[in-house]
Amino acid sequence: MPLVFETFLERLSRSLDEADFREALAEAAARFDLLSFAYLSLPSLPSGKPRLISNYPPRWAMQYLENQYEKLDPVILRARKGGRPFQWGSDLWGGKMSPAQQQLFDEAAQFSIRCGLTIPIVDLRGRIAAVTFAADEPRPVFLRVIERYEQALQLMATCFHRCVRRKLPGDRTVDGILLTSREYVCLRSAARGNSAWVTGRILGIKPRTIAFHLENAKKKLGVRTQNQAIALLGSQGSSIL
């Protein structure tokens, strides 16, 4: 267990975009024989959009977001209240579901998502998220794993949330220009005073790769120097913390 967690934290420290985070959680979850997961972070503002990082079938992930199912999903509604991790399945909600909620469960079942363990997350800033480990049916092996390792999974979920919040900004635009996650993270690190070598050590990639992303960011922003790019980042009130 310590090795699994240490490896997971190492992967998180080197993650730069959603694909990296997805692979990190997928690898750690697989060590527990948990093959399906989803991290859903709810927006702070009503006009915002949720962030979903999962290995669910892409069609279902797109369908869920397009239909704004997070607003009526019984699992997410319960997770909004915080508290301990909880198990769920269509049979656990009894007759409390609305027709729309029942339809949601029926649609999820078509993608082999019928039950799971959901870990509510309400951080110190009041931001709400949930990590779910799902299965097609409540097999004994699945139930044993989520019951035995509930605390470990809860710790993993909290670490995942904190790293995503810190390293994946909701808005990667600088002076109206959208940067890639890697370009934005490298520019933000440079704004903190880190050299390409230091940033490379932090992110686990080579300094020349950092320089490559910074160069791309400068070209997109239409500036000649790194300091000019940093000035644009700071001029719009972007956090470099």
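When a residue number appears, it is its place in the shown sequence, counting from 1. Just so it is clear, the structure is predicted and the values come from calculations on it, not from any experiment. Quick note: numbers below take in every heavy atom, side chains included, and nothing from hydrogens, waters or symmetry partners.
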Next item on the list: Output, in order, the C-alpha distance, side-chain angles, deciding distance and verdict of salt bridge (charged side-chain N to carboxylate O under 4.0 Å, His left out) for Asp17 and Arg182.
Entry: CA-CA 7 Å; Asp17 54 26; Arg182 292 176 185 269; 3.5 Å; yes
Margin query: Please determine whether side-chain contact (heavy atoms from CB on, under 4.5 Å) holds for the pair Leu232 and Gln228, giving the CA-CA distance in whole Å, both sets of side-chain angles, and the decisive distance to 0.1 Å.
Written below: CA-CA 6 Å; Leu232 287 177; Gln228 289 173 326; 6.0 Å; no
Note to self: Checking Phe8 against Leu155 for the side-chain contact (heavy atoms from CB on, under 4.5 Å) test, could you report, in this order, the C-alpha distance in whole Å, the side-chain angles of both residues, the deciding distance, and whether it holds?
What the structure shows: CA-CA 11 Å; Phe8 177 62; Leu155 182 57; over 6 Å; no
Note to self: Applying side-chain contact (heavy atoms from CB on, under 4.5 Å) to Lys220 and Leu179, what does each step give before you reach the verdict?
What the structure shows: CA-CA 8 Å; Lys220 287 184 178 181; Leu179 302 182; 3.9 Å; yes
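Across all non-hydrogen atoms, the minimal contact from Arg224 to Lys218 is O-NZ, 3.6 Å. The two residues Pro50 and Leu65 make their nearest non-hydrogen contact at CG-CD2, 3.9 Å. Counting all heavy atoms, side chain and backbone alike, Val122 lies closest to Gly82 at CG2-CA, 3.9 Å. The heavy-atom pair separating Leu214 from Ala190 by the smallest distance is CD2-CB, 4.4 Å. The two residues Ile121 and Ala157 have their closest heavy-atom pair at CD1-O, 3.5 Å. Closest non-hydrogen pair, Ala134 versus Ile113, comes out as CB-CG2, 4.0 Å.
In the model, Arg127 has no side-chain atom that pairs as donor or acceptor with a side-chain atom of Ser41 under 3.5 Å. At a cut-off of 3.5 Å, with distance as the only test, no side-chain donor of Gln154 or Glu150 sits close to an acceptor on the other residue. Between Gln102 and Asp106, the side chains place a donor N or O and an acceptor N or O closer than 3.5 Å (distance only, hydrogens not considered).
By the criterion of side-chain heavy atoms lying less than 4.5 angstrom apart, applied directly or through intervening Ile, Leu, Val, Met, Phe, Trp or Tyr residues, Ile177 is grouped together with Val185 in one hydrophobic cluster. A single hydrophobic cluster is not seen to contain both Leu35 and Val131; linkage of ILVMFWY side chains at heavy-atom distances under 4.5 Å, directly or through other members, places them apart.
Distance check, rounded to the nearest 0.5 Å: CD of Gln110 to CZ of Arg59 gives 8.0 Å. Within the model, atoms CE of Met156 and CZ of Phe32 stand 5.5 Å from one another, a figure rounded to the nearest 0.5 Å. Ile146 CD1 to Thr118 OG1: the interatomic distance, rounded to the nearest 0.5 Å, is 9.5 Å. Rounding to the nearest 0.5 Å places CD of Glu10 at 11.5 Å from CG of Leu3. For the atom pair Leu117 CG and Tyr149 OH, the distance stands at 14.5 Å (nearest 0.5 Å). Distance check: Phe37 CZ to Ser54 OG gives 6.5 Å after rounding to the nearest 0.5 Å.
Residues Glu70 and Leu52 fail the side-chain proximity criterion, which asks for heavy atoms closer than 4.5 Å. For the pair Leu187/Leu221, a side-chain contact is recorded, criterion being any heavy-atom separation below 4.5 Å from C-beta on. In this structure the side chain of Arg78 never reaches within 4.5 angstrom of the side chain of Trp88, judged on heavy atoms. Side-chain contact between Tyr69 and Gln103: present, with at least one pair of heavy atoms (C-beta onward) separated by less than 4.5 Å. With a 4.5 Å cut-off on side-chain heavy atoms, Leu25 and Ile53 do not count as touching. For the pair Leu72/Asn67, no side-chain contact is recorded, criterion being any heavy-atom separation below 4.5 Å from C-beta on. Leu143 has its side chain within reach of Gln87: a pair of non-hydrogen atoms, C-beta onward, lies under 4.5 Å apart. Between Asp73 and Leu40, the closest side-chain pair of non-hydrogen atoms is not below 4.5 Å.
Other residues, nucleotides and ligands contribute more than 12 heavy atoms inside 6.0 Å of the CZ atom of Arg22. With a 6.0 Å radius and a threshold of 12 heavy atoms from other residues, nucleotides or ligands, Glu137 has its CD atom above the threshold. Under a cut-off of 6.0 angstrom, the local environment of CZ in Phe212 is sparse, with at most 12 non-hydrogen atoms contributed by other residues, nucleotides or ligands.
Salt-bridge formation is not detected for the pair Asp33/Arg144: no Lys NZ or Arg NE/NH1/NH2 atom is positioned less than 4.0 Å from an Asp or Glu carboxylate oxygen.
At least one donor-acceptor pair closer than 3.5 Å links the side chain of Arg114 to the backbone N or O of Ala109.
Ring geometry for Tyr64 against Trp60 counts as perpendicular: the plane angle is over 60°, on a 0 to 90° scale with 30° as the lower cut. Ring geometry, Phe21 versus Phe160: the interplanar angle exceeds 60°, so the pair is classed perpendicular (tilted spans 30 to 60°).
Listed by first and then second residue, the side-chain hydrogen bond (donor to acceptor under 3.5 Å, both in side chains) pairs that reach into residues 197-208 are Ser189-Thr199, sequence neighbours excluded.
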